[in-house]
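Heads up: numbering here begins at 1 and tracks the sequence.
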Amino acid sequence: MSAGSGTPDAGTPDAGTPVAGTPLHAAPLSGARLAGKVALVAGAGTSAPGWSIGKASCVTLARQGAAIIALDANLTAAEEAAHEAEAAGGSALPVQADVADPDAMQAAVDAALSRFGRIDILQANAGIGKVGGPEDISIADWDRIQQVNVTSLLIATRLLAPVMRVQGGGAIVAVSSIAGIRYTGYPHLAYSVSKAAVIHFARMAAQQYAADGIRVNTVIPGLIDTPRVTANVAKMFDANDLDAARAARDKQVPMGRMGTPWEVANAVAFLASDEASYITGTELLVDGGLTGKYA
C-alpha cells in the first residue's frame with residue numbers, strides 16, 4: 001500500500017460499517033455492482049503520500065468490479081493508483097496526460113479503448129487551485145485553473161460521449177467542491193468559480209445526453225482529509241502545526257470531523273452504478289452537513 005494508507009484492526013466492530021476514519025476500501029463488498037464496466041478516472045493520483053479522492057476512487061471502483069484507467073499528469077502517481085487498483089483485485093492501465101490538453105487526452109482515450117475496448121464511466125476528478133481574491137490572482141493562474149478544472153471536463157466529455165453513445169449509455173461523474181456553492185472562510189476565487197462551473201456544466205450536459213442513456217452528475221465534497229490538506233489548506237489555519245490545522249477543520253463540520261476520500265469515492269461509485277440509473281443532472285453533497293450550517 002502507499003504511504004499513509006492502512007487497514008483496520010482485526011477487531012474492528014462490524015466490518016461492514018467501518019467506524020469514522022477507517023479506510024473504507026478494507027470493508028467487504030456488498031456486490032460487484034460495476035462488473036464488466038470500464039472507468040476512466042481523470043486526476044487519479046495524489047500530490048503527496050496518502051490517499052486522494054482520485055486514488056481512493058480507483059480502488060473503490062476496482063473493488064466493485066470496474067477495470068480502471070488511472071490518468072494523471074504525473075506518470076508515477078498514475079502508476080501508483082493503478083497498482084492500488086490491481087491490488088484491490090481489478091485490472092488497471094496507468095496513463096499520463098494533461099487533462100487540459102486535447103491531443104494528450106485523445107491519445108489517452110485511444111490507449112484505453114485499445115486495452116479495454118470500451119469506456120463506461122468518466123470520473124472527472126482533476127483539479128487545482130490557488131488562494132487569492134480578485135486583486136490577488138494573476139490572469140495566468142486564473143486561466144490555468146479554469147483550463148484544468150473546467151475545460152478538462154469539456155475535453156473529456158467531447159471525447160467520451162460519442163463512445164458512450166455507441167455503447168448504449170454511460171455515466172459521467174464530475175467532482176466539484178462546496179467552494180463552488182458557498183464561501184469557505186478564505187479567498188479562493190479562481191478555484192471556487194471553476195467548481196461552480198463544473199456543477200452547471202454537468203447540469204447542462206445531463207439534459208443534452210439523457211436521451212442517449214448517458215447520465216451526468218456531480219459529487220460535491222466538503223472538507224476532506226487528503227494530502228492536499230497538508231500541502232495547501234493547512235496554511236490557512238496553522239502552517240506550523242498540522243494537527244491544529246486538522247482540528248480547526250474538524251471543528252467546522254457539524255459531524256465533528258473531516259470526511260475521508262473513501263466516503264467521497266463511495267458516492268462516486270453509487271452515481272456511476274446502475275443503482276443510480278434514474279439519476280441525472282443533479283448533485284450529491286458529501287460534506288458532513290457543512291453546507292447547511294448557519295454559522
Could you walk me through whether Thr260 and Trp51 pass the side chain to side chain contact (heavy atoms under 4.5 Å, CB included) check?
CA-CA 9 Å; Thr260 72; Trp51 289 96; over 6 Å; no
As a quick check of understanding, evaluate side chain to side chain contact (heavy atoms under 4.5 Å, CB included) for Met164 and Asp212, giving each step before the final call.
CA-CA 8 Å; Met164 292 177 178; Asp212 297 315; over 6 Å; no
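No donor-acceptor distance shorter than 3.5 angstrom exists from the side chain of Ser194 to the backbone of Val150, with no hydrogens or angles considered. Asp225 contributes no side-chain N or O that, together with a main-chain N or O of Gly259, makes up a donor-acceptor pair within less than 3.5 Å. Of the possible polar contacts, one joining the Asp72 side chain to the Asn74 backbone as a donor-acceptor pair under 3.5 Å is found. A donor-acceptor contact shorter than 3.5 Å is absent between the side chain of Asn217 and the backbone of Val173. Using modelled atom types, one side-chain atom of Asn149 and one backbone atom of Ile128 make a donor-acceptor pair closer than 3.5 Å. Judged purely by atom type and a 3.5 angstrom limit, Arg215 uses its side chain to pair as donor or acceptor with the backbone of Ile279. In this structure a side-chain-to-backbone donor-acceptor pair under 3.5 Å is missing from Asp120 to Gly170. Although no hydrogens or angles enter the test, the distance criterion places a donor-acceptor pair under 3.5 Å between the side chain of Asp136 and the main chain of Gly133. Between the side chain of Ser114 and the backbone N or O of Asp110, no donor-acceptor pair lies under 3.5 Å. Remark: side-chain polar atoms of Lys195 are paired, donor with acceptor, to backbone N or O of Val175 under 3.5 angstrom.
Residue Ala108 comes nearest to Leu71 through the heavy atom pair CB-CD1, 3.6 Å, listed as atom of the first residue, atom of the second, then distance. Counting all heavy atoms, side chain and backbone alike, Ala112 lies closest to Ile119 at CB-CD1, 3.9 Å. The minimum heavy-atom distance between Val198 and Thr218, with the atom names listed, is O-OG1, 4.3 Å. Here the closest non-hydrogen pair linking Pro261 and Ala56 is CB-CB, 3.8 Å.
Atom CZ of Arg158 is surrounded by 12 or fewer heavy atoms from other residues, nucleotides or ligands within 6.0 Å. When the shell of 6.0 Å around OH of Tyr278 is examined, it contains 12 or fewer heavy atoms from other residues, nucleotides or ligands.
Among residues two or more places apart in sequence or in another chain, the salt bridge (charged side-chain N to carboxylate O under 4.0 Å, His left out) test is passed with Arg144 by Asp98.
Using a 4.5 Å cut-off between side-chain heavy atoms of Ile, Leu, Val, Met, Phe, Trp and Tyr, with links allowed through other members, Ile137 and Val148 fall into the same hydrophobic cluster. There is a path of hydrophobic side-chain contacts, each under 4.5 Å, that joins Ile172 to Phe116. Linking Ile, Leu, Val, Met, Phe, Trp and Tyr residues whenever their side-chain heavy atoms come within less than 4.5 Å leaves Val216 and Phe270 in two separate clusters.
Looking at Leu61 and Gln123, their side chains come closer than 4.5 Å, going by heavy atoms from C-beta outward.
Among Asn125, Thr46, Val286, the one residue that satisfies the side chain to side chain contact (heavy atoms under 4.5 Å, CB included) test with Ile53 is Asn125.
The pair Asp287-Lys293 does not count as a salt bridge, with every side-chain nitrogen at least 4.0 angstrom from each carboxylate oxygen.
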